[in-house]
There are 2 protein chains.
Amino acid sequence: MMELTRKGEYAIRGIIYLAQQQPGKVSLISEIAEASGAPQSFLAKIFQSFAKLGIVSSFRGTGGGFTLGRSPASITLREVVEAVEGPIIPNRCLLDGGVCDRGKDCKVHPVWRTVQTQVTQILESVTMEELARK
Amino acid sequence: MMELTRKGEYAIRGIIYLAQQQPGKVSLISEIAEASGAPQSFLAKIFQSFAKLGIVSSFRGTGGGFTLGRSPASITLREVVEAVEGPIIPNRCLLDGGVCDRGKDCKVHPVWRTVQTQVTQILESVTMEELARK
DNA sequence: ACCTTCAAGACTATTTTAGTCTTTTTATAA
DNA sequence: TTATAAAAAGACTAAAATAGTCTTGAAGGT
Ligand code: SF4
Ligand code: SF4
């Protein structure tokens, strides 16, 4: 139950690598992939998602690559994980309409809500700055 | 990320139904399936797992069916979920050998350990007795 | 004997995961 | 202005997990 996918693991490793570089240093996806042990073209997709969200900045052409889009201290583990895995939802009934006929007086529902809140808090409290320290 | 499967949801609904019956009353799988809105033969599989673990008792032949195997207060949500979904593992590196080359000084690893502990605690603290109350 | 009920295992369809590959766009440099 | 370098975008694929079904067998009751 509740397993991080490889995509999520690669995402975390990749962004930590970036956070460990000199601020402003541009890294190639090939370099990040090697450092994080991820398949290059798969990681490229992951970093595209990051770029769209502004977590990383991307530059094309010669001398291009990726840098962090914001300060390491402002990027949380929750943000990184959710960027590639989607929102933290331990059970369907937690998102959007929460479509469940028995939803009204279900005693289990609030338990999942608690799980969601706790997990989110834990991941939110960890920043890339902390994770990048060696 | 971290979504309960239908199997897990059916499992919970099914056992709560059982917990709501008069102690000692035997329920047919067809009855439980209808009450919980689960496909009967799928739920049958789920209850087989429960029976092996002693969470429920099964009886064959005429007048057979299922009852809880222990008191509702002694069956936790964690136990029910783990019975069908396996252990609560937010990341591969948490179980068994925790096969990860970078495992030694990984800063992320303890975060997943915390998630695991917290989620386990939340689910462990909820019993079928509580969930069965109307 | 016959019927009822769960047990066990094989089987299948759908969805998700975990990628790859090709083409296009943007930027630099000779 | 052409070549080269890099990410962006999108189509594609293989493998695994999920969500079941179906058939047969075993245990128990009448
Ligand atoms: S029964 Fe309760 S826990 Fe299950 S999906 Fe519905 S609201 Fe959520
Ligand atoms: S890098 Fe860290 S978090 Fe990721 S699998 Fe290895 S030990 Fe676990």
Side-chain angles (χ1 to χ4, degrees), chain A residues 1-15 18 25-34 36-69 81 83-87 89-92, chain B residues 1-15 18 25-34 36-69 81 83-87 89-92:
Chain A
M1 188 209 180
M2 320 201 334
E3 206 146 334
L4 191 75
T5 62
R6 285 176 203 280
K7 185 155 100 171
E9 174 70 20
Y10 294 152
I12 296 168
R13 291 190 196 181
I15 198 136
L18 260 199
K25 189 213 154 191
V26 176
S27 305
L28 294 179
I29 194 69
S30 56
E31 178 190 338
I32 307 170
E34 171 154 59
S36 55
Q40 175 170 337
S41 40
F42 194 28
L43 192 69
K45 289 287 179 194
I46 293 168
F47 270 64
Q48 278 181 39
S49 314
F50 285 162
K52 278 184 188 152
L53 293 167
I55 297 176
V56 304
S57 302
S58 67
F59 307 95
R60 302 206 247 199
T62 308
F66 295 90
T67 62
L68 281 193
V81 168
V84 299
E85 305 257 20
I89 311 250
N91 200 354
R92 287 162 182 68
Chain B
M1 189 209 177
M2 319 199 339
E3 206 146 335
L4 191 74
T5 62
R6 286 177 203 281
K7 185 154 100 170
E9 175 69 20
Y10 294 153
I12 296 168
R13 292 190 194 181
I15 199 137
L18 259 199
K25 188 212 153 193
V26 176
S27 306
L28 295 178
I29 194 69
S30 55
E31 179 191 339
I32 307 171
E34 172 154 58
S36 55
Q40 175 171 336
S41 39
F42 195 28
L43 193 68
K45 288 287 179 194
I46 293 169
F47 270 65
Q48 278 181 37
S49 314
F50 285 162
K52 278 183 189 156
L53 293 166
I55 296 177
V56 304
S57 301
S58 67
F59 308 95
R60 301 206 248 198
T62 310
F66 294 91
T67 63
L68 282 193
V81 168
V84 298
E85 304 257 20
I89 311 252
N91 200 354
R92 288 162 182 69

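We name chains A, B, ... by the order of the sequence lines, and we start the count at 1 in each one.
Of the candidate nucleotides C:dG9, D:dA19, D:dA9, C:dG9 has the atom lying nearest to any side-chain atom of B:Lys45. Candidate nucleotides C:dA18, C:dA7, D:dA19 were compared by shortest atom distance to the side chain of A:Thr5, and C:dA18 ranks first. For B:Tyr10, the listed nucleotide lying nearest its side chain is D:dG20; candidates were C:dT5, D:dA6, D:dG20. Comparing D:dT21, D:dT4, D:dG29 by their closest approach to the side chain of B:Thr62 singles out D:dG29. When the nucleotides C:dA18, D:dA9, C:dC3 are ranked by their closest atom to the side chain of A:Phe42, C:dA18 comes out on top. Of the candidates C:dC21, C:dC6, C:dA18, the closest approach to any side-chain atom of A:Ser41 belongs to C:dC21. Taking every side-chain heavy atom of A:Pro39 into account, C:dG19 is the closest of D:dA19, C:dA10, C:dG19.
Rounded to a whole Å, the CZ atom of B:Arg60 is 11 Å from the P atom of D:dG29. A straight line from CD1 of A:Ile32 to P of D:dA7 spans 8 Å, rounded to a whole angstrom. Remark: P of D:dT18 and CD1 of B:Ile46 are 13 Å apart, rounded to the nearest angstrom. A straight line from CG of B:Leu43 to C1' of C:dA7 spans 14 Å, rounded to a whole angstrom. Taking atom CZ of residue B:Phe59 and atom C1' of nucleotide D:dA26, one finds them 17 Å apart after rounding to whole Å. Taking atom CG of residue A:Leu28 and atom P of nucleotide D:dA5, one finds them 11 Å apart after rounding to whole Å. Atom-to-atom, CD of A:Glu9 to C1' of C:dG19 comes out at 16 Å; the value is rounded to the nearest Å. Distance B:Gln40 CD to C:dT5 P: 10 Å, rounded to the nearest Å.
Residues A:Ile12 and A:Val84 form no side-chain contact, since every pair of their non-hydrogen atoms from C-beta on lies 4.5 Å or further apart.
Side-chain atoms of A:Arg92 come within 3.5 Å of backbone atoms of B:Leu4 as a donor-acceptor pair (strictly under, hydrogens ignored).
Under 4.0 angstrom from either OP1 or OP2 of D:dA8 there lies at least one side-chain N or O belonging to A:Ser58.
If you check every strand for non-hydrogen atoms under 4.0 Å, B:Phe47 touches nothing. As judged by a 4.0 angstrom heavy-atom cut-off over every strand, A:Lys7 is placed among residues touching the sugar-phosphate backbone only. Residue contacts shown for B:Phe50 are absent, as no nucleic acid heavy atom lies under 4.0 Å away.
Each of A:Arg6 and B:Ala51 was assigned the nucleotide of DNA chain C with the nearest heavy atom; the assignment lying further toward the 5' end belongs to B:Ala51. If you find the closest nucleotide of DNA chain D to B:Gly61 and to B:Glu85, the one lying nearer the 5' end belongs to B:Glu85. In terms of position on DNA chain D, the residue among B:Leu4 and A:Ala44 whose nearest nucleotide sits closer to the 5' end is A:Ala44.
Closest approach of A:Gly64 to A:Leu28, counting heavy atoms only: O-CD2, 3.3 Å. Shortest non-hydrogen contact noted between B:Val26 and B:Gly63 is CG1-O, 3.8 Å. Listed here is the closest heavy atom pair of B:Val56 and B:Phe66: CG2-CD2, 3.8 Å. Minimum interatomic distance between A:Gly69 and A:Ser57 (heavy atoms only, all atoms of both residues): CA-OG, 3.5 Å.
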